[in-house]
Amino acid sequence: MGPSEGIERFDSTGKGRGMRALRHFGLGELLFTCPAYTCVLTAQERGNHCEHCFCRKEGLAKCGKCKQAFYCNVECQKGDWPMHKLECSAMCAYGEKWNPSETVRLTARILAKQKTCKERTPSERFLTVKEFESHMSKLDNEKKELIQNDIAALHHFFSKNLHYSDNASLEFLFAQVNCNGFTIEDEELSHLGSAIFPDVALMNHSCCPNVIVTYKGTVAEVRAVQEINPGDEVFTSYIDLLYPTEDRNDRLQDSYFFTCDCRECTTKEKDKAKLEIRKCNDPPNPKDVRDMIKYARGVVEEFRRAKHFKSPSELLEMCELSMEKMGTLFADTNIYMLHMTYQAMGICLYMQDWDGALKYGEKIIQPYRKHYPAYSLNVASMWLKLGRLYMGLEKKTGGIKALKKAIAIMEIAHGPDHHYIAEVKKEIEQ
């Protein structure tokens, strides 16, 4: 488990259960680690990462039967078999039609684990999976329908290898997973997979978090990003902190069924900078500002849906047109401008337009440093992307400078001995 004697579970006023520090933790200090109760590698990373330990390496060995799961060695393959056997024969039988969602795959693994493991696991020192909140009573019809679709997919793809509880129990479990599942990401915040980390799920949310969660393979590590004193509650962030107060609380309400009352949400002191208006001689009409914010929120959602069916060039045009319209009123540092600029950068990276990606990234990094907390993974990942782009475009001085800025954040967030930092240092030395 790693260090955990300095923390405890307690009843947090107005928030239910939570986690509290019993001693002082300095900046960058590890509070505790938590191995995944169970996890699933995203299908898009097969062949790049080991299915069992999530290690990124070349020359992985594939499963001899399905040819779709890849492993570091025999030990990893054997370690993963209790979970992979749920999918192996089904992947062979369904071929390209085998397409359960990550949530369905993860839930199948929870069911399998609960059948074979009756004891409390090392992942459940403070909180068990069965104690997870489900918020069943708060689900609207749309969310209930999505859960029923997941249950149907679970039956369709896993019925030969799993024996299920009744439908009501499955509804409850899927609701628990939706509220308590975690996304494992790499150093550039690219999606690697989904996991259950019960002890990490005990922590309550704040938009002014004092810890950050990073991953070493399939182990979650929790480190202090502020000084933490004995008696302080330990807070993480459940959401992307770039956005203004209203947007953050809309997301919290939709996904976790609460709104935040932290200092940032109470004072809203960063909202003005996050919604910055372009400087002009005459101040804009307040109604025009409200209308543009409404447009911006709409285009963010429209783009999210469009990613599923539009081509990269169409998506890039959508970004540029929306930025042109918003730019008549919003400053370049406005978070809605930044959101679409980030999407444009991602499209350029996908299209291997390195110069285009660099152009957009250079517009993002300084506003990110202003809007995000001091030791933000979003800022570190942007420095990494910029550094790698500079190095690839033979702009070594800029590349080294950017990579060193990423390392400075990562040494606090990931810990100085993390393999990601060693990899970045090698890039600098090349």
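Residues: numbered from 1 along the sequence shown. Bear in mind the structure is a predicted one, so any value in this text is a computation, not a measurement.
- Taking the six-membered ring for Trp and the full ring otherwise, the centers of Y238 and Y256 sit less than 6.0 Å from each other.
- Between the side chain of Q226 and the main chain of P209, a donor-acceptor pair closer than 3.5 Å is present.
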Chi angles and distances behind the ring pair (Phe, Tyr, Trp, His ring centres under 6.0 Å) call for F126, F10: CA-CA 10 Å; F126 300 101; F10 82 117; over 10 Å; no
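- The only member of N334, T333, T328, D332 that meets side-chain hydrogen bond (donor to acceptor under 3.5 Å, both in side chains) when paired with R278 is D332.
- For CD of E394, the number of neighbouring non-hydrogen atoms (other residues, nucleotides, ligands) closer than 6.0 Å is 12 at most.
- Test M19, R20, R17 against R9 for side-chain contact (heavy atoms from CB on, under 4.5 Å) and you get one pass: R17.
- At distances below 3.5 Å, at least one donor-acceptor pair connects side-chain atoms of T214 with backbone N or O atoms of A413.
- Within 6.0 Å of CD in Q148 there are more than 12 heavy atoms belonging to other residues, nucleotides or ligands.
- For the atom pair K363 NZ and Y368 OH, the distance stands at 14.0 Å (nearest 0.5 Å).
- Using a cut-off of 4.0 Å between Lys/Arg side-chain N and Asp/Glu carboxylate O, K385 and E187 are scored as not salt-bridged.
- A salt bridge links E423 with R56; the closest basic N to acidic carboxylate O contact falls under 4.0 Å.
- Side-chain N or O atoms of D353 include one that pairs as donor or acceptor with a backbone N or O of G356 at under 3.5 Å.
- The closest side-chain donor-acceptor pair between S194 and E102 falls under 3.5 angstrom.
- In this structure, the separation between CD1 on I184 and CG on L192 is 7.0 Å, given to the nearest 0.5 Å.
- With 3.5 Å as the limit, one finds a donor-acceptor pair spanning the side chains of Y71 and D80.
- Proximity of I228 to V211: side-chain heavy atoms (C-beta onward) are separated by under 4.5 Å at one or more points.
- L31 approaches A224 most closely through the heavy-atom pair CD1-N, 3.6 Å.
- Remark: the backbone N or O of H191 is not paired with any side-chain donor or acceptor of D186 at under 3.5 angstrom.
- L173 contributes atom CG, which lies 10.0 Å from atom CZ of F132 (distance to the nearest 0.5 angstrom).
- The closest side-chain heavy-atom distance from R248 to E264 is below 4.5 Å.
- A salt bridge links E87 and R109; the closest N-O separation between the charged side-chain nitrogens and carboxylate oxygens is under 4.0 Å.
- The residues E221 and R223 are annotated as salt-bridged, a charged nitrogen and a carboxylate oxygen being separated by less than 4.0 angstrom.
- One N or O on the side chain of T266 and one on the backbone of D261 form a donor-acceptor pair closer than 3.5 Å.
- Ring centroid separation for the pair F330 and Y295 does not come in under the 6.0 Å cut-off.
- Put simply, the side chain of Y215 reaches to within 4.5 Å of the side chain of F182, judged on heavy atoms.
- Side-chain contact check for H371 versus I335: some heavy-atom pair is nearer than 4.5 Å.
- Under the 4.0 Å criterion applied to side-chain N and carboxylate O atoms, K272 and E276 are not assigned as salt-bridge partners.
- A donor-acceptor contact closer than 3.5 angstrom is absent between the side chains of E51 and H84.
- No donor-acceptor pair under 3.5 Å is formed between the side chain of H339 and the backbone N or O of L242.
- Side-chain contact check for Y420 versus L384: every heavy-atom pair is 4.5 Å or farther apart.
- Smallest separation of non-hydrogen atoms from L386 and G361: CD2-C, 3.6 Å.
- Around atom OH of Y350, no more than 12 heavy atoms belonging to other residues, nucleotides or ligands sit under 6.0 Å away.
- Ring pair F257/H135: centre-to-centre distance below 6.0 Å.
- Within a 6.0 Å sphere centred on NZ of K270, heavy atoms belonging to other residues, nucleotides or ligands number more than 12.
- Only one option out of I400, L358, L403 pairs with Y390 in a side-chain contact (heavy atoms from CB on, under 4.5 Å); it is L358.
- E429 has no carboxylate O lying under 4.0 Å from a charged side-chain N of K426, or vice versa, which leaves the two without a salt bridge.
- With hydrogens and angles ignored, the 3.5 Å screen pairs no side-chain donor or acceptor of K396 with any backbone N or O of M391.
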Under the side-chain hydrogen bond (donor to acceptor under 3.5 Å, both in side chains) criterion, do E233 and S12 qualify, and how do the steps go? CA-CA 8 Å; E233 181 162 2; S12 177; 2.6 Å; yes
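- Between the side chains of Q44 and T42, a donor-acceptor pair is found at a separation under 3.5 Å.
- Side-chain atoms of S381 come within 3.5 Å of backbone N or O of L377 as a donor-acceptor pair.
- Residues R46 and Q68 meet the side-chain proximity criterion, which asks for heavy atoms closer than 4.5 Å.
- Checked against E171 for a side-chain contact (heavy atoms from CB on, under 4.5 Å), the options L139, I151, D150 give a single hit: I151.
- Under 3.5 Å, the side chains of N180 and E133 contain no donor-acceptor pair of N or O atoms.
- Judged by distance alone, the side chain of E314 and the main-chain N or O of S311 form a donor-acceptor pair under 3.5 Å.
- With a 6.0 Å cutoff to the six-membered ring centre and a 45° limit on the axis angle, R369 does not count as a cation-pi contact of Y372.
- Using the six-membered ring where Trp is involved, F258 and H205 have ring planes that are tilted, between 30° and 60° apart.
- A salt bridge is defined here as a Lys NZ or Arg NE, NH1 or NH2 lying under 4.0 Å from an Asp or Glu carboxylate O, and R297 with D247 meets this definition.
- S134 and Q176 share no donor-acceptor pair across their side chains, judged by distance under 3.5 Å alone.
- Both cation-pi conditions hold for K113 and Y37: the charged atom is under 6.0 angstrom from the six-membered ring centre and inside a 45 degree cone around its axis.
- K404 NZ: 12 or fewer foreign heavy atoms inside a 6.0 Å radius.
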For R23 and E29, what are the C-alpha separation, side-chain angles and deciding distance, and is it a salt bridge (charged side-chain N to carboxylate O under 4.0 Å, His left out)? CA-CA 12 Å; R23 65 171 180 85; E29 189 172 352; 2.9 Å; yes
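- Looking at S255 and R251, their side chains do bring a donor and an acceptor atom within 3.5 Å of each other.
- Electrostatic pairing of K287 and D291 counts as a salt bridge here, judged by a charged N lying under 4.0 Å from a carboxylate O.
- Salt bridge R263/E269: present, at least one basic N to carboxylate O contact under 4.0 Å.
- Contact between Y336 and V300 at its shortest, heavy atoms only, is CD2-CG2, 4.5 Å.
- Between E362 atom CD and L389 atom CG the span is 9.0 Å, to the nearest 0.5 Å.
- A donor-acceptor pair is defined here as one N or O able to donate and one able to accept, closer than 3.5 Å; no such pair exists between the side chain of T128 and the backbone of E124.
- Side chains of T38 and L106 form a contact here, defined as non-hydrogen atoms less than 4.5 Å apart.
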When you look at H414 and Y375, which way does the ring pair (Phe, Tyr, Trp, His ring centres under 6.0 Å) test go after all the steps? CA-CA 10 Å; H414 291 80; Y375 299 98; over 10 Å; no
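- By the 30° and 60° cut-offs, the orientation of the rings of W98 relative to F157 is perpendicular.
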